[in-house]
Amino acid sequence: MQSSNKSRNLNPRTAAAAPPQNPSTSFTPRYEFIDFLDVGGTMTLSQEIANLSQDSGQDLPEENVQIGSIQGTVVGLRYYTGTVNRGEMVALVRQPQNPYDRNAVMVANVYGSQVGHIKKELAAPMAYIMDNNLARVEGVVPYGETNKFSMPVNLTFWGKEENREAVHNQMRRHGFRLGTEFKGGTAQKSFGRDLLGLSSKISAIPLTVEELKNAFDKLFDDLMEDKTREMEPAGAVCTSLLPHQKQALSWMTSRENNNDLPPFWEEKSGFYFNVLTNFAVKERPEKVLGGILADDMGLGKTLTTIALIVSNFHNGKPLPLEQCEGSSMSSTCRKKSTSKDHKESHEPVSSSQLKRLHADGKSADTIEEDVPQKKAKTAKQPAKNSGNTKKGVVLLDDVDFAAALECSSSQVGPAKKSAKKGSGSGKVPSVSGGGSGARVTLIVCPLSVLSNWLDQFEQHIRADVTLKVYLYYGAERKRSVKLLSEQDVVLTTYNVLSSDYGNKSSSPLHKVKWLRVVLDEGHVIRNPNALQSKAVLDLQSERRWILSGTPIQNSLKDLYMLLSFLKLKPFDVKEWWNRIIQRPVTMGDRVGLSNLQALVKGITLRRTKNSKVAGRMLVQLPERRVFVQHVTFSEEEREEYEQVRKEGRKIIDRYLEEGTMMTNYADVLAILVRLRQYCCHPSLVGKHTRADDPGTPSELRERLINKITLVLNSGSDEECAICLDSLRQPVITYCAHVYCRPCICEVIQSEKEQARCPLCRAQINSKELVEYPGEEMEAGPVTQEHWRSSSKVDALMSNLLKLRNEDPTVKSLVVSQFTRFMDLIEVPLREYGFSFTRLDGSMAQTARSKAIQDFQDSSPGSPTIMLLSLKAGGVGLNLTAASHVYMMDPAWNPAAEDQCVDRCHRLGQTRDVVITKFIVKDSVEEKMVMIQKKKQELVDKAFGVKKPQDRKQSRTDEIRALMEI
DNA sequence: ACCGCCGGGTGCC
DNA sequence: ACCGCCGGGTGCC
């Protein structure tokens with residue numbers, strides 16, 4: 001990956017000529033010697049290495065060009081304890097404070113122990129190169145590892161292409177010559193792999209970007225093998241685990257009790273040997289107990305972790321818990337029975353609802369569109385304690401919080417109350433044999449899920465058992481190490497943890513020796529420089545877990561932080577992570593990638609909602625049925641509609657005759673949008689914009705803005721004719737064709753002055769592109785006085801009213817592509833006293849989350865309807881409170897409809913989902929559905945991708961069909 | 001280090 | 001003897 005053509009502000013020549021402090025001109029005064037020792041004494045080498053390799057941003061691909069190699073000498077071996085093996089990687093660390101030589105370059109092994117120094121003659125140019133960031137130097141000791149006084153070291157220089165010359169010159173000035181290969185070649189193959197850079201020649205063909213991306217996406221897939229053993233939780237857990245949760249429990253337990261060597265360590269003739277770095281030690285490397293539980297959201301990471309806490313204390317035995325006999329609880333497994341009840345009562349209800357829907361007024365028009373899915377069972381695991389009011393409680397301090405929670409949950413045993421105040425009187429369980437007295441599990445989570453953890457402990461731990469959970473949160477939190485050490489679980493947030501850590505004075509959390517630390521939503525600590533990351537790394541614990549649905553959010557770098565937390569040596573030091581994994585992988589090295597895969601596989605469990613256990617889905621979603629309800633226009637509506645259609649058809653006929661359909665494509669779309677709007681509600685149809693004289697440029701511009709707005713606001717999901725994908729940064733040309741800005745700009749750039757519109761061959765240039773101004777309301781507010789209904793609105797309302805009669809707790813999504821239609825629907829909703837919320841693309845983040853939260857809340861009086869614009873919100877949007885979906889108008893893109901339905905038909909949905917699509921008979925909507933189906937057939941047959949010419953033809957055909965021509 | 005280098009002892013053969 | 005040579009002391013940066 002060469003980057004020499006990239007214009008960089010740093011000119012290598014100037015950089016080389018700039019006179020940074022010539023090291024030899026200033027002598028180090030004697031007293032600095034003492035300073036140096038002091039500093040050196042308080043800072044470990046690995047810290048020094050870590051500090052030095054931070055923040056340099058040297059892991060970008062373009063900075064990873066191999067500049068050259070040379071063999072050097074490590075001297076002074078007898079003064080240090082660090083040893084190396086044949087072929088072992090070593091770190092080179094500048095020591096500018098060294099009293100004997102400001103150019104000193106220290107050599108350290110993987111464990112951070114100093115091995116020696118680079119001989120001073122070579123250190124001089126190296127220091128200059130390293131200090132000026134001209135290159136990064138990596139070393140491998142090829143042989144001579146048993147020498148007493150000095151040993152050779154193969155040095156490889158890595159850096160930006162633009163610094164190549166400067167580095168070579170600097171070396172030459174000192175009488176060294178960088179080559180491309182090491183001679184002698186006797187070095188490789190000792191214990192493990194060849195680390196001398198020769199391997200990159202052997203495993204030659206680098207991964208393509210596509211392959212890399214693919215591999216990256218699949219990094220966490222296929223991790224399932226041999227992780228299928230199940231384990232029953234300890235008796236204190238009253239919820240029965242789903243099979244995949246038992247598997248996770250079994251896997252987590254084995255990760256905690258394992259006696260295995262950490263990944264890439266092998267035992268060879270009495271030594272422990274790291275096959276990646278060739279580092280060997282006599283002492284067994286510390287075990288890595290724990291790992292990453294990367295299951296998808298909703299698979300029960302929290303429950304599994306709770307089960308782990310009570311099931312795997314010391315020596316694989318359950319956590320000894322006191323029984324509280326005086327408990328007022330009659331049922332020991334209330335939650336279990338609740339969920340069971342739910343499940344059993346559930347299916348009949350939903351099926352009868354379906355029947356009733358069939359039998360509803362318009363039953364003759366209502367046909368079941370999709371074949372129902374094979375009989376599905378409701379997820380057994382209860383979602384949230386329905387009817388609770390925990391949300392919205394302001395968390396002032398732990399007392400308030402705990403009190404609020406207790407109020408909301410009527411079934412808290414007395415023992416638990418005392419536990420929350422930390423005054424648990426239960427005897428401390430004897431620590432059997434396990435060596436350390438560590439007892440407590442610390443859970444760190446974002447504030448947003450704190451209450452969820454408390455809920456889940458309540459829900460899943462038997463009520464007659466005392467599990468001491470202390471909420472370390474709020475101003476009143478007790479900073480007593482003793483108190484914390486007496487708990488079973490301490491729960492806190494990243495913020496509390498890091499603010500305690502920041503006030504160096506006292507961080508009790510950092511004084512406790514934890515049995516287990518669990519980072520919930522562990523991906524939040526991906527920035528190693530953030531205080532909260534440092535706070536988390538400094539916790540002392542025997543076992544460590546990261547829970548995260550998205551372990552890698554942005555890049556491979558995110559993983560570094562996670563491995564660092566797990567103390568997975570040597571990857572917890574940035575230099576080694578970069579050298580062994582990050583750099584090789586980003587450069588497309590297959591060996592590096594397979595190392596990464598092996599690494600991740602060893603410590604991660606990940607299942608998605610699509611994963612299967614023994615051929616069956618992990619979690620069966622409730623059924624999902626789709627009905628199409630045909631709506632008949634009133635006579636008046638039909639008349640008006642036909643008039644609009646005829647007008648539009650006249651215009652389009654003319655375009656067809658002239659063969660200017662593509663030239664006037666935006667106009668054509670506008671006509672279609674108007675018809676579609678009319679199907680919903682006559683008031684939606686905006687004023688006619690005539691497609692005649694272009695007028696002045698500013699008028700033209702305005703007209704174009706109107707067109708693009710009309711097209712894009714309608715939610716028709718237009719595609720860019722260049723990339724054939726959904727529009728990104730849409731712009732409209734003067735010839736009224738819509739493209740992604742990057743796509744059309746590329747065309748203009750390559751064709752320069754001759755650039756023509758790909759669709760109509762009109763001359764275009766980049767200055768004449770008009771941007772989509774964003775969503776805007778094109779009309780004033782809808783008021784009750786001017787309001788009239790429409791057949792479609794009537795159909796919706798009759799459905800909603802019937803539904804409310806049958807079951808007032810059922811919630812519905814009312815989905816449209818036209819936000820103004822949503823405005824119109826609000827009027828009758830209010831009139832009939834429905835409580836509703838609304839979510840559309842124009843809403844600010846806070847308003848959105850409030851709307852979602854209100855809707856998801858199941859307490860009485862909460863909104864039962866959400867007006868949802870088709871494309872609002874990302875895939876993460878969770879609207880499982882709804883079990884009915886009304887699709888008010890068909891979309892061009894069926895995938896958009898499916899995606900929308902997925903927001904309620906997803907993990908956490910407990911009822912069957914009923915989808916009703918309203919389609920106006922004998923209208924453009926019916927034709928759209930037809931075309932949708934044809935398109936879907938093409939996609940299914942994998943002929944979905946067409947050439948632009950074909951697309952043009954098929955579009956013309958589509959429009960003919962739509963206009964009934 | 002079974003080296004190189006330094007610096008004191010020494011000095012025809 | 002302002003040299004050569006010998007042999008002991010010594011040894012990273």
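Side chains included, hydrogens not; waters and symmetry mates left out as well; all remaining heavy atoms used. Each chain gets a letter, A, B and so on, in the order the sequences are listed, and its residues count up from 1.
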Please round to the nearest 0.5 Å and tell me the distance separating atom CD1 of A/Ile603 and atom CD1 of A/Ile546.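 Here the interatomic distance stands at 7.5 Å.
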
How many angstroms lie between atom CD of A/Glu256 and atom CG of A/Leu289, to the nearest 0.5 angstrom?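 So the CD of A/Glu256 and the CG of A/Leu289 are separated by 7.5 Å.
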
Polar atom pairs between nucleotides 1-3 of chain B and protein, under 3.5 Å, N or O only, would you list them?
none

State the pairing partner of C/dG11; accept Watson-Crick or G-U wobble contacts with both distances under 3.5 Å, and report none otherwise.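 With both distances under 3.5 Å, C/dG11 matches B/dC3.
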
Donor-acceptor under 3.5 Å (A/Arg255 side chain, A/Val288 main chain):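 Yes: the side chain of A/Arg255 pairs with the backbone of A/Val288.
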
Quote, to the nearest angstrom, the P distance that separates B/dT10 from B/dC6.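 Here B/dT10 and B/dC6 have their P atoms 22 Å from each other.
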
Distance check, C1' atoms only: B/dA1 and B/dC5, in whole angstrom units.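 To the nearest whole Å, 12 Å.
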
Take the protein atom [atom1] of [X] and the nucleotide atom [atom2] of [N], then report the distance between them rounded to whole Å.
X        : N      : atom1 : atom2 : value
A/Met126 : C/dC13 : CE    : P     : 13 Å
A/Met151 : C/dC13 : CE    : C1'   : 16 Å
A/Asp101 : C/dC12 : CG    : P     : 13 Å
A/Glu121 : C/dC12 : CD    : P     : 13 Å

Should A/Tyr79 be counted as stacked on C/dC12, where stacking needs a ring-centre gap under 5.5 Å and an angle between planes under 30 degrees?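 Stacking between A/Tyr79 and C/dC12: present.
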
Anti/syn call for C/dA1, syn if |chi| within 90°: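 That one's syn.
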
What is the nucleic acid contact for A/Ile118, judged by heavy atoms within less than 4.0 Å: base, sugar-phosphate only, or nothing?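 Sugar-phosphate, backbone atoms only, no base.
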
Have a look at A/Gln170 and tell me which of A/Arg173, A/His168, A/Arg172 forms a side chain to side chain donor-acceptor pair (under 3.5 Å) with it.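 Passing option: A/Arg173.
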
State whether A/Glu286 and A/Lys567 are salt-bridged, where the test is any N-O pair (Lys NZ or Arg NE/NH1/NH2 against Asp/Glu carboxylate O) under 4.0 Å.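 Looking at A/Lys567 together with A/Glu286, the answer is no, because their closest N to O distance does not fall below 4.0 Å.
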
Do we see a donor-acceptor contact under 3.5 Å between the side chains of A/Lys120 and A/Asn103?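 Side-chain D/A pair, A/Lys120 to A/Asn103: absent.
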
